[in-house]
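Note sheet for the following structure.
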Amino acid sequence: MSEKINENPTSTFFVGALITSAIGGILLLALDFGGWNGSNYYLGVYIWGSIGAWNGVLSIPIVISGLLLLYCMGISILVLRFPGKIPDKKYVKYGLYASILVFILCLIGGIVFAVELTIDDAWWWFDAGFYGGIIGSFLTAFLFFLGLKDLEL
């Protein structure tokens with residue numbers, strides 16, 4: 001009467017990593033990382049802007065982070081497409097390290113962005129690129145870690 005519902009639970013982790021890394025990478029590359037508004041109505045000064053993958057000082061780390069998350073997506077596709085035929089552990093470790101690096105880059109970029117605009121006394125906010133990078137890289141690293149533990153068993 002007891003049936004196995006899921007023959008390969010490892011694939012669940014890599015499907016999740018595929019989804020989170022794809023969404024995080026696309027959000028980092030397509031949308032803004034953060035924005036600011038330093039306008040002063042009384043002085044008649046209107047200044048606003050945003051930073052993203054294709055504009056601003058932090059554009060190189062943002063593009064690298066987005067491409068690394070898309071690399072993690074490719075690793076998930078390889079592991080799902082060819083189970084046991086490629087050195088899964090090696091590629092999953094690379095994906096784990098890449099997603100941790102993206103998390104660190106997004107965290108440092110967010111801190112630099114927030115401190116700089118707080119010093120400049122401007123209204124600022126994090127946008128979808130920041131949240132996609134932080135959440136996508138954290139979940140991808142967590143799912144790769146669980147998938148790696150399952151591959152070692």
Side-chain angles (χ1 to χ4, degrees), residues 1-37 48-118 122-153:
M1 293 216 181
S2 65
E3 298 177 18
K4 285 189 175 181
I5 295 174
N6 192 356
E7 290 291 328
N8 190 3
T10 306
S11 65
T12 308
F13 299 130
F14 292 110
V15 169
L18 170 70
I19 293 168
T20 57
S21 60
I23 291 173
I26 290 169
L27 286 175
L28 265 173
L29 292 175
L31 298 176
D32 290 334
F33 190 80
W36 68 88
N37 185 350
W48 63 88
S50 64
I51 189 167
W54 311 114
N55 61 350
V57 178
L58 293 175
S59 63
I60 293 173
I62 293 172
V63 170
I64 290 171
S65 297
L67 293 176
L68 282 174
L69 279 178
L70 294 180
Y71 172 73
C72 291
M73 180 188 74
I75 290 172
S76 296
I77 290 172
L78 282 175
V79 171
L80 290 170
R81 180 78 173 125
F82 305 108
K85 299 205 189 312
I86 58 171
D88 293 338
K89 293 178 195 174
K90 181 175 80 170
Y91 288 119
V92 174
K93 283 183 184 178
Y94 292 160
L96 177 65
Y97 299 148
S99 57
I100 291 171
L101 178 65
V102 170
F103 182 79
I104 292 170
L105 284 175
C106 287
L107 192 63
I108 291 172
I111 291 170
V112 168
F113 178 77
V115 167
E116 177 64 30
L117 289 171
T118 302
W123 291 90
W124 58 270
W125 58 90
F126 291 124
D127 219 338
F130 171 78
Y131 292 114
I134 286 286
I135 296 170
S137 63
F138 177 77
L139 289 176
T140 301
F142 180 69
L143 291 168
F144 273 167
F145 176 75
L146 293 177
L148 189 63
K149 288 291 181 189
D150 240 17
L151 286 175
E152 290 175 355
L153 295 177

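Note that this is a predicted model, so its numbers are computed, not measured. What's counted below: heavy atoms across the whole structure, side chains too, no hydrogens, waters or symmetry copies.
Residues in residues 122-132 take part in these side chain to side chain donor-acceptor pair (under 3.5 Å) pairs, two or more places apart or across chains: Thr118-Trp124. A side chain to side chain donor-acceptor pair (under 3.5 Å) check over residues 61-80, counting only residues at least two apart or in different chains, returns nothing.
Remark: Phe33 CZ to Phe113 CZ distance equals 8.0 Å, nearest 0.5 Å. With values rounded to the nearest 0.5 angstrom, Asp150 atom CG is found 9.0 Å from Thr12 atom OG1. Here Ile64 contributes atom CD1 and Leu69 contributes atom CG; the two are 12.5 Å apart, rounded to the nearest 0.5 Å. With rounding to the nearest 0.5 angstrom, the CZ atom of Phe126 is 11.0 Å from the CD1 atom of Ile51. Atom CD1 of Ile111 and atom CD of Glu116 lie 14.0 Å apart (nearest 0.5 Å).
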Output a table of donor-acceptor pairs, distance under 3.5 Å, between side-chain atoms of residues 99-106 and any protein atom two or more places apart or on a different chain; print 'none' if there are none.
residue: Ser99; atom: OG; partner: Gly95; partner atom: O; Å: 3.0
residue: Ser99; atom: OG; partner: Leu96; partner atom: O; Å: 2.9

Donor-acceptor contacts, no H, no angles, side chain residues 13-25, under 3.5 Å, sequence neighbours left out:
residue: Thr20; atom: OG1; partner: Gly16; partner atom: O; Å: 3.1
residue: Thr20; atom: OG1; partner: Ala17; partner atom: O; Å: 3.3
residue: Thr20; atom: OG1; partner: Thr140; partner atom: OG1; Å: 2.9
residue: Ser21; atom: OG; partner: Ala17; partner atom: O; Å: 2.7
residue: Ser21; atom: OG; partner: Leu18; partner atom: O; Å: 3.3
residue: Ser21; atom: OG; partner: Met73; partner atom: N; Å: 3.4

Side-chain polar contacts of residues 55-62 - donor-acceptor pairs under 3.5 angstrom, sequence neighbours left out - could you list them?
residue: Asn55; atom: OD1; partner: Gly52; partner atom: N; Å: 2.7
residue: Asn55; atom: ND2; partner: Ser50; partner atom: O; Å: 3.4
residue: Ser59; atom: OG; partner: Gly56; partner atom: O; Å: 3.1

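Nearest heavy-atom pair, Leu29 versus Ala53, reported as atom, atom and distance to 0.1 Å: O-CB, 3.7 Å.
Residue Phe145 places its CZ atom among 12 or fewer non-hydrogen atoms of other residues, nucleotides or ligands, all under 6.0 Å distant.
Phe130 is not listed as a side-chain neighbour of Asp32, based on a closest heavy-atom distance of 4.5 Å or more.
Ring planes of Tyr94 and Tyr91: perpendicular class, angle over 60° (limits at 30 and 60°).
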